[in-house]
**Student:** 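Sharing a structure below in structure tokens format, with a few things to ask.
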Amino acid sequence: MRRVVEALAVGAGGGVAGWATGSLVGLPALGFLLGSLNGVVSGFAGIYDWRSRRGWTAAILDSTWGLVGTALGLALHAVNVVWPGSGYVESLSRRRCRHVYAAGASLRGGFALSMGNVISNAGGKVGLKGESERARRRRRFVTAHEELHIWQNRWFGPLFHITYGGWLVMGGIVGLMLWPVVRGRLFNAIETVAYYDNPFEYWAYRNDGYWPPRGIHPKLGWKRRIG
């Protein structure tokens, strides 16, 4: 019963916030729908920590400045609902201001995928259960790397997606142009500039204490510091 009450309350608040946000771009109904849906889903799952300023901030931003990412997160929820064995992890989600799926949709095997407040395929090829060093390391990765992407979406809003996507495209072109000079595998050169050197990814890898990551092109990755 408490979950239902929280879902309705957060859904109502999210709907109002989403309506106000959507009104700024002439799409109040869409904003209301997205804010309400996120509120109902996230409220029922109980991801927001109402005892902390951080929890309130996450809830507000998810239905306002970060609404574009929230919409993508809702789509990722929909995919993972029908994805075999996606495995929603309540222990890493409830009151953590995030939704975590151990498996589920991903753009590349072994890599996690974060959209809005949703982390999909968080366990990668290792998994999240158990007390092995690799499992503990993977759980740290969820908090230090993937959760940072969630907050990047909340802090930067649509600018996050524009910048990330723009860097991905232009970085791919630059990597392709540099490949004849640096040699090595073509895909490695393109991936390094387009993905690993993306400022948002560099920030997340550094926050996780894992830079340079395995597989990065030795001549194209950022040095320890870029500023």
Side-chain angles (χ1 to χ4, degrees), residues 1-83 86-105 112-123 128 139 142-161 164 200 204:
M1 185 62 181
R2 289 183 179 179
R3 285 179 179 265
V4 174
V5 171
E6 183 171 348
L8 293 176
V10 183
V16 172
W19 177 86
T21 302
S23 296
L24 297 176
V25 293
L27 297 169
L30 180 60
F32 175 81
L33 176 62
L34 295 174
S36 297
L37 283 175
N38 175 69
V40 169
V41 172
S42 297
F44 188 82
I47 71 165
Y48 299 120
D49 181 4
W50 304 114
R51 299 170 298 178
S52 71
R53 182 182 303 175
R54 179 173 178 273
W56 284 90
T57 300
I60 293 170
L61 290 178
D62 281 349
S63 292
T64 53
W65 183 232
L67 194 57
V68 172
T70 298
L72 295 174
L74 289 169
L76 192 52
H77 271 306
V79 172
N80 281 348
V81 164
V82 297
W83 193 282
S86 58
Y88 188 83
V89 187
E90 183 167 358
S91 62
L92 295 178
S93 304
R94 190 165 179 79
R95 307 308 178 200
R96 301 290 190 93
C97 301
R98 67 195 184 201
H99 296 278
V100 177
Y101 289 88
L113 173 64
S114 292
M115 293 288 186
N117 54 27
V118 181
I119 303 173
S120 181
N121 198 39
L128 300 171
R139 290 195 294 270
V142 170
T143 298
H145 185 120
E146 293 302 327
E147 184 177 321
L148 179 56
H149 285 321
I150 290 176
W151 282 97
Q152 287 169 345
N153 171 74
R154 288 169 176 154
W155 293 328
F156 296 97
L159 299 178
F160 169 69
H161 303 282
Y164 194 106
F200 290 112

**Student:** Can you tell me how far OG1 of Thr143 sits from CG of Leu148, rounded to the nearest 0.5 angstrom?
**Tutor:**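 Rounded to the nearest 0.5 Å, the CG-OG1 separation comes out at 11.0 Å.
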
**Student:** side-chain contact (heavy atoms from CB on, under 4.5 Å) with Leu27: which residues, sequence neighbours excluded?
**Tutor:**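 Only Val25, Leu30 meet the side-chain contact (heavy atoms from CB on, under 4.5 Å) criterion with Leu27.
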
**Student:** Give me the atom names and distance for the closest heavy-atom approach of Val142 to Ala122.
**Tutor:**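 In terms of heavy atoms, the two residues are closest at CG2-CB, 3.8 Å.
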
**Student:** Looking at NE2 of His161 and CE of Met115, how far apart are the two atoms once the value is rounded to the nearest 0.5 Å?
**Tutor:**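 Atom-to-atom, His161:NE2 and Met115:CE are 8.0 Å apart.
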
**Student:** Write out all pairs satisfying side chain to side chain donor-acceptor pair (under 3.5 Å) with one or both partners inside residues 31-41, taking only residues at least two apart or from two chains.
**Tutor:**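 Output for this query lists Asn38-Ser42, Asn38-Tyr48, Asn38-Asn117.
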
**Student:** With side chain to side chain donor-acceptor pair (under 3.5 Å) as the test, would you mind laying out the steps for Ser114 and Arg98 before giving the verdict?
**Tutor:** CA-CA 10 Å; Ser114 292; Arg98 67 195 184 201; over 6 Å; no

**Student:** Between the side chain of Trp65 and the main-chain N/O of Trp155, is any donor-acceptor distance below 3.5 Å?
**Tutor:**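 Here the side-chain-to-backbone pair exists.
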
**Student:** With Glu6, which residues qualify under salt bridge (Lys or Arg N to Asp or Glu O under 4.0 Å), at least two apart?
**Tutor:**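 Arg95.
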
**Student:** Looking only at heavy atoms, what is the nearest atom pair of Trp151 and Thr57, with distance?
**Tutor:**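 Closest approach of Trp151 to Thr57, heavy atoms only: CZ3-CG2, 4.2 Å.
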
**Student:** Please report the shortest heavy-atom distance between Ala112 and Ile119, naming the atom on each side.
**Tutor:**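 Looking at all heavy atoms of both residues, the closest pair is CB-CG2, 4.5 Å.
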
**Student:** For Arg154, enumerate each residue passing the side-chain hydrogen bond (donor to acceptor under 3.5 Å, both in side chains) test, keeping only those at least two apart in sequence or located in another chain.
**Tutor:**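 Once residues adjacent in sequence are excluded, the partners of Arg154 under the side-chain hydrogen bond (donor to acceptor under 3.5 Å, both in side chains) criterion are Asp62.
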
**Student:** Which atom names give the shortest non-hydrogen contact between Asn80 and Ala105, and what distance separates them?
**Tutor:**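 Distance-wise, the nearest heavy atoms are OD1-N, 2.9 Å.
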
**Student:** Scan side-chain atoms only and decide if His149 and Gln152 contain a donor-acceptor pair under the 3.5 Å cut-off.
**Tutor:**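 Their side chains do contain a donor-acceptor pair, which is all the 3.5 Å distance test asks for.
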
**Student:** Between side-chain atoms of residues 87-94 and protein atoms elsewhere (two or more places apart, or another chain), which donor-acceptor pairs fall under 3.5 Å?
**Tutor:**
unit_1 : atom_1 : unit_2 : atom_2 : d
Tyr88  : OH     : His99  : ND1    : 2.8
Glu90  : OE2    : Arg3   : NH2    : 2.5
Ser93  : OG     : Val89  : O      : 2.7
Ser93  : OG     : Val100 : N      : 2.9
Arg94  : NH1    : Ala45  : O      : 3.2

**Student:** If every non-hydrogen atom of Phe44 is compared with every non-hydrogen atom of Ala7, which pair is closest and at what distance?
**Tutor:**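 Reported closest heavy-atom pair: N-CB, 3.6 Å.
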
**Student:** Would you name the heavy atoms of Gly15 and Phe32 that are closest together and state the gap between them?
**Tutor:**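 Closest heavy-atom pair between Gly15 and Phe32: O-CD1, 3.2 Å.
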
**Student:** Quick one, Phe156 with Phe200, criterion side-chain contact (heavy atoms from CB on, under 4.5 Å). Give me CA distance, side-chain angles, the key distance, then yes/no.
**Tutor:** CA-CA 11 Å; Phe156 296 97; Phe200 290 112; 3.8 Å; yes

**Student:** How far apart are the C-alpha atoms of Arg54 and Asp49, what are their side-chain angles, what is the distance that settles it, and do they pass the side-chain contact (heavy atoms from CB on, under 4.5 Å) test?
**Tutor:** CA-CA 7 Å; Arg54 179 173 178 273; Asp49 181 4; 6.0 Å; no

**Student:** Going from CG on Leu33 to CG on Leu74, what distance comes out if it is rounded to the nearest 0.5 angstrom?
**Tutor:**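 That separation rounds to 8.5 Å.
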
**Student:** Using the rule given for side-chain contact (heavy atoms from CB on, under 4.5 Å), can you reason through Asn153 versus Tyr164, listing the C-alpha separation, both sets of side-chain angles and the distance that settles it, and then say yes or no?
**Tutor:** CA-CA 10 Å; Asn153 171 74; Tyr164 194 106; over 6 Å; no

**Student:** Considering only residues two or more places apart or on different chains, which pairs with a residue in residues 7-24 satisfy side chain to side chain donor-acceptor pair (under 3.5 Å)?
**Tutor:**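 Listed by first then second residue: nothing to list.
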
